[in-house]
Number of protein chains: 2
Amino acid sequence: MNIGEVASATGMSAKSIRYYESVGLVAPAARGQNNYRAYGAREIAELRFVHRARSLGFSVKDVADLLALWRDRSRASQQVHAMAAAHMAAIEQKIANLETMKATLQTLLLRCHNDDRPDCPILDDLAR
Amino acid sequence: MNIGEVASATGMSAKSIRYYESVGLVAPAARGQNNYRAYGAREIAELRFVHRARSLGFSVKDVADLLALWRDRSRASQQVHAMAAAHMAAIEQKIANLETMKATLQTLLLRCHNDDRPDCPILDDLAR
DNA sequence: CTTTACCTTCCCGTAAGGGGATGGTTTATG
DNA sequence: CATAAACCATCCCCTTACGGGAAGGTAAAG
């Protein structure tokens, strides 16, 4: 399969696939006589893994570690669990920060007249 | 006040202050005969405004717009309200994405044995 | 007088690709 | 069969919002 086919089959962009290769996340693809990248089932499965892990918010660096664990048939599930737990903690932290911002914004929005008058509690708050 | 004093007074870093100046978010600070930046109450108030808006998650570009509205005594509160509402919507979208990730991770974490055995539902899911 | 603590500018690095230029390849169409 | 549309390749710049650190001038303290 060419890179474009892989892209539409997996939902990722060709740019992303090349990028993952360029940073060493996946091995360089084999090339056809036309110099096009040629993907087999194994490589596609790996790219799917990468895509799925990225969609769960893991960084490219983390995905590299997850891939290594995946390839190591004798890894302890503990290791994977630890990575996932740490990642979830980071996500929870982000959510908490965003929730704080949201709450503040909500309060300000409710106090703002939202009309033609210049008086604006939102700006007043920012300037406090 | 020197930049360091402003930094510790406002909680932002000197680097950030210089950065905001470099991108035109705030006007270039006046300079003393030693070429140090010299800040007055007005400039400090503006930097506080910037800092507060940034802490609510507004981008630097958005802060520039908010500053412009703030300086314009005749702006309609609607305009500020619209910006804040759009920003809150974006934050809610981010939260929703993170919550989806979190839920998936939570499910996977519960299914993982988290012990020395190699069997790992988390990796299995990523590879599905 | 010297050390220490500031300040200045300048340049590099970050995360994860997207956009777009330039040029070769393949395939579809008239 | 010729050519145009659709792919593919590499390469380089752009994005966000600063942080790190180097090189060198200035100021306050011991």
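Residue numbering restarts at 1 for every chain, and letters A, B, ... go by the order of the sequence lines.
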Legend entry - Spacing of A:R18 atom CZ relative to D:dC11 atom C1', expressed in whole Å: 12 Å
Legend entry - Backbone of A:L56 reached by a side-chain donor or acceptor of A:H87 within 3.5 Å: yes
Inset, instruction - Determine, for B:K61 against B:D65, whether the closest basic-nitrogen to carboxylate-oxygen distance falls under 4.0 angstrom. - result: yes
Inset, instruction - Mind calculating the distance between CD (B:E21) and C1' (D:dA17) to the nearest angstrom? - result: 16 Å
Inset, instruction - Could you check how far CD of B:Q33 sits from C1' of D:dA27, rounded to whole Å? - result: 11 Å
Inset, instruction - Using atom types as modelled and distance alone, determine if a side-chain donor or acceptor of B:D72 lies under 3.5 Å from a backbone N or O of B:S74. - result: yes
Inset, instruction - For the residue pair A:S77 and B:D115, confirm or rule out a side-chain donor-acceptor distance under 3.5 Å. - result: yes
Legend entry - Between P of D:dA17 and NE2 of B:H51, the distance in whole Å: 15 Å
Legend entry - Spacing between A:N35 atom CG and D:dC8 atom C1', to the nearest angstrom: 9 Å
Legend entry - D:dT16 phosphate, OP1 or OP2, under 4.0 Å from B:S59 side-chain N/O: no
Inset, instruction - For A:E5 and D:dA6, give me the distance from atom CD to atom P, rounded to whole Å. - result: 16 Å
Legend entry - Leading and trailing nucleotides of DNA chain C with any atom under 4.0 Å from heavy atoms of chain B: C:dC6 to C:dC10
Inset, instruction - Indicate whether the side chain of B:S13 and that of B:S16 have a donor and an acceptor atom separated by less than 3.5 Å. - result: yes
Inset, instruction - May I ask whether A:M12 and B:M101 are part of the same hydrophobic cluster, defined by side-chain heavy atoms of I, L, V, M, F, W, Y residues being less than 4.5 angstrom apart, directly or through others? - result: yes
Inset, instruction - State which of D:dC18, D:dG19, D:dA9 makes the closest approach to the side chain of A:I3. - result: D:dA9
Legend entry - Atom-to-atom span, CG of B:N2 to P of D:dA28 - whole angstrom: 9 Å
Legend entry - Sugar-phosphate, base or nothing in reach of B:R54, heavy atoms under 4.0 Å: sugar-phosphate
Legend entry - A:V60 vs A:N34, nearer the 5' end of DNA chain C by closest nucleotide: A:V60
Inset, instruction - Look at all strands and tell whether A:R37 reaches a base, only sugar-phosphate, or nothing, counting heavy atoms closer than 4.0 Å. - result: sugar-phosphate
Legend entry - A:R31 side chain near D:dT10 phosphate (N/O to OP1/OP2, under 4.0 Å): yes
Inset, instruction - Give a yes/no on whether any side-chain N or O of B:S13 is located under 4.0 angstrom from OP1 or OP2 of D:dC18. - result: no
Inset, instruction - Would you mind reading off the distance between A:Y36 atom OH and D:dC8 atom C1', rounded to a whole angstrom? - result: 4 Å
Inset, instruction - Please confirm whether the backbone N or O of B:P118 pairs with a side-chain atom of A:R75, one donor and one acceptor, at under 3.5 Å? - result: yes
